[in-house]
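Reading through the structure tokens given below for one structure.
Here is how names work: the chains are called A, B, and so on, in the same order as the sequence lines, proteins then strands, and each is numbered from 1.
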Amino acid sequence: MRNRTAWLWLCALAGLLLAAQQSDVIIKLSKGERAVIALPDLRGAGEAQRFMDAFNQTVWSDIESSGLFKMAPKSFYPLEVPQRPEDFRPPLAAPSARRGAPQPPRRQGPWLTDWSAPPVSANYLALGYAAVQAEQFVLRGWLFNVAQNDVTNAQVFGKLYLGPLDEAGARKTAHEFAADILQQFGGASLAGTRIYFVSERAERGVKEIWSMDHDGSNPKAVSSYRSLSTTPAASPDGTKIAFTSYVGGNPAILIHSRETGRRLRFYSPASSMVATPEFTPDGQKILFSYTIESWAQIAMANLDGSELRRISHVRAIEVEPKVNPKTGAEIVFVSGRAGPQQIFRMNLDGTDVRRLTPGEGQASNPAWHPDGQHIAFAWTRGFAPGNFNIFVMDAATQSFVQLTHGAGRNENPSWAPDGRHLAFSSNRGGSTQIWTMLADGTQLRQLTTEGRNTMPVWAK
Amino acid sequence: MSKRNISVALLAVSLFLVAAGCKKKAPPPPPPPPPKPEVKEVPPPPKAPSISFLVEPSAIERGQSARLRWDVSDATDIAVSPGIGTVAARGSREVYPSDTTTYTLRAKGPGGSTSQSATVRVTAPPPPPPPPPPLKRSFGDVLASEVQDAYFDYDKGDIREDARATLSRNSDALKRILQEFPNAVVVMEGHCDERGSAEYNLGLGDRRAHAAQDFLVQLGVAGDRLAPRSFGKDRPQCTESNEDCWQKNRRVHFVAQ
């Protein structure tokens, strides 16, 4: 009976998860309805055992930080852990020897119910083992849906992973195994993604563009103009970054290739300010704001600045254009055309301008979710001017959810490629630093500590 | 006869013999040598004076001194010129020549007169720098003292009452200053307080700078000599979170390009 309920629930869940429309993904996250996964420590044969601590740590961390699963605590796991599908032994039904009470089935070995029943109560089990073969670290890994009745139906996938016979090789296979597990549920691993940000550390008043890994490791400077460089943006394929820089005296847009590290030519329009660049989803064009007749206006051009086309025509300040990543046909942006700064949308040709935020306080930093339906942004709703919190809004209904709470500045939210995490800047610790969190506001992590760090951009 | 009597007798005989003695015909006694000619003892001629005369150091800078040293023998009359006169046979003297001078010591004595010279080279110290030209202030200094900041309301780029007055005064000053510095350009920095987002404030700072530029142009200041430049909220002149500081930051500020 229980198995059936669980199975039905899982179907519904899988359906929901696998559906492309993730409009309720935020709500689901905040209600905590997630599948439970058991991740027992895998063991290694011979030489491979030395690296299994690093391996198991990496898999656990990647799966847990995805936010896709509830982790079944290791203390509940059974002692007999299967290492391969063959290890599973269904219990033998006892022969009905005599009239009277039916005998309980006789246990033959590890079975699916060891994991699906309490206390583990898992829906999924990752199992496998490592070994050495031809001087390589070899991992055989499987994902099982332990609510199934038999082993053949239960196996979701089984795969072989190879790496060099050292700790780095073990971690590599761990990342790959975890990524494959997450992919089954529409999630993407964060490993390998990078976050660009603005850092003021060496010299007061000098701001450079920096980058770091998704967990804050390997921070390094990307620009070294010893000037003010700010508002970074990354191209969708991750090969270019654009930003605003005062190296030429007035704020102007620079584009750098991430592959060669060199500056790419961008002919700015003749204007006192050309700033807040953003790439189109196809990576072929760039949107930005530049001052025409005293007012900052949204415009678009080729990556070298040619074919400049002005989009907004209004005597108001308009900045931060962001193109819908799914449709490529509409922009959200920040405008003062109705008073204090608010978030608006319009078509790429400037038509159909509509205000998205209700109008109270100040709103800024709109950031499209990869689904093209949700927008994260910063808003002073409920607080004095200058005190921003992170919100997520449904672009169609304009309903919103508040993710951070409290006085202070929480700004510039940026979605991770997995669509489940947000990076943002916050001064909650005393100085402004880059933080990440799950889209439901949990799993807050501080990534930077040195200097003052703002404007994170999460890229591939 | 006694012995004595014999000796006397002998003596007398010898004497007699000697006296009468060679009463032979003796050659004439040689003549005495002729008297030496009268050579008067001429004293050796007196020695000429000998001089040791030097100056130390031999090169000085004007204002410094040098020391003359001499040691003269066989002289009675010793003088050093220029400027020193008669001196004793051995001595030294400190001198302060203002130019290269050759000192000569003349020594006169029975043996004659001699002289010796020593030269002091006097170099002139380097000349002082020419007096500084009358102080001309830099363009930046002039702007800082004569062109005032214009202030704005929160989230606004409008020129308000007090800014109108400031900018009017500025236009008079600027017209004069831009004439005095014919090639200079004034950067009009637009600034904001910390509260809005950094991106929006970039636009707002530029709006303020342009609004102020338009106002000045209307009053006759050359627009191409004015360059708006927004710093958003990135270059605050104070960082406290109160209205006092926020107002100080909501401004257009004039600097040299």
When you measure from the side chain of A:Asn365 to the backbone N and O of B:Glu199, does any donor-acceptor pair fall under 3.5 Å?
no
At their closest point, which heavy atom of A:Ala296 faces which heavy atom of B:Gly203, and how far apart are they?
CB-CA, 4.1 Å
Can you tell me which portion of B:Arg235 sits under 4.5 Å from chain A's heavy atoms? Options are side chain, backbone, both or neither.
side chain
Does any backbone or side-chain atom of A:Ser335 lie under 4.5 Å from a heavy atom of chain B? Answer side chain, backbone, both or neither.
backbone
Determine the minimum heavy-atom distance between B:Asp214 and A:Ser294, stating which atoms define it.
OD2-OG, 3.4 Å
Over 12 non-hydrogen atoms of neighbours within 6.0 angstrom of CZ in A:Arg315:
no
Name the member of B:Ser241, B:Ser230, B:Ser197, B:Ala198 that forms the most heavy-atom pairs with chain A at distances under 4.5 Å.
B:Ser197
Measure A:Thr276 against the heavy atoms of chain B and call it side chain, backbone, both or neither at under 4.5 Å.
side chain
Is A:Tyr290 in contact with chain B via its backbone, its side chain, both, or neither, using a 4.5 Å heavy-atom distance?
neither
Heavy-atom closest pair, residues A:Arg409 and B:Glu194:
NH1-O, 2.9 Å
Any idea which of B:Asp155, B:Asp206, B:Asp234 has the most non-hydrogen atom pairs under 4.5 angstrom with chain A?
B:Asp206
Closest-packed option against chain B by number of heavy-atom pairs under 4.5 Å, given A:Met455, A:Glu293, A:Met273:
A:Met273
A:Val334 versus B:Tyr200, closest heavy-atom pair with distance
CG1-CD1, 4.0 Å
Does any backbone or side-chain atom of A:Pro385 lie under 4.5 Å from a heavy atom of chain B? Answer side chain, backbone, both or neither.
both
Is there a donor-acceptor contact under 3.5 Å linking the side chains of B:His210 and A:Thr291?
no
Side-chain (B:Arg207) to main-chain (A:Ala316) donor-acceptor, under 3.5 angstrom:
no
Counting heavy-atom pairs under 4.5 angstrom with chain B, the leader among A:Gln362, A:Glu320, A:Gln341 is A:Gln341
According to salt bridge (charged side-chain N to carboxylate O under 4.0 Å, His left out), who are the partners of A:Arg337, at least two apart in sequence or on a separate chain?
A:Glu318
Side chain, backbone, both or neither: which part of B:Tyr154 has a non-hydrogen atom closer than 4.5 Å to chain A?
side chain
Relative to chain B, which of A:Val319, A:Thr454, A:Asn250 shows the most heavy atom pairs under 4.5 Å?
A:Asn250
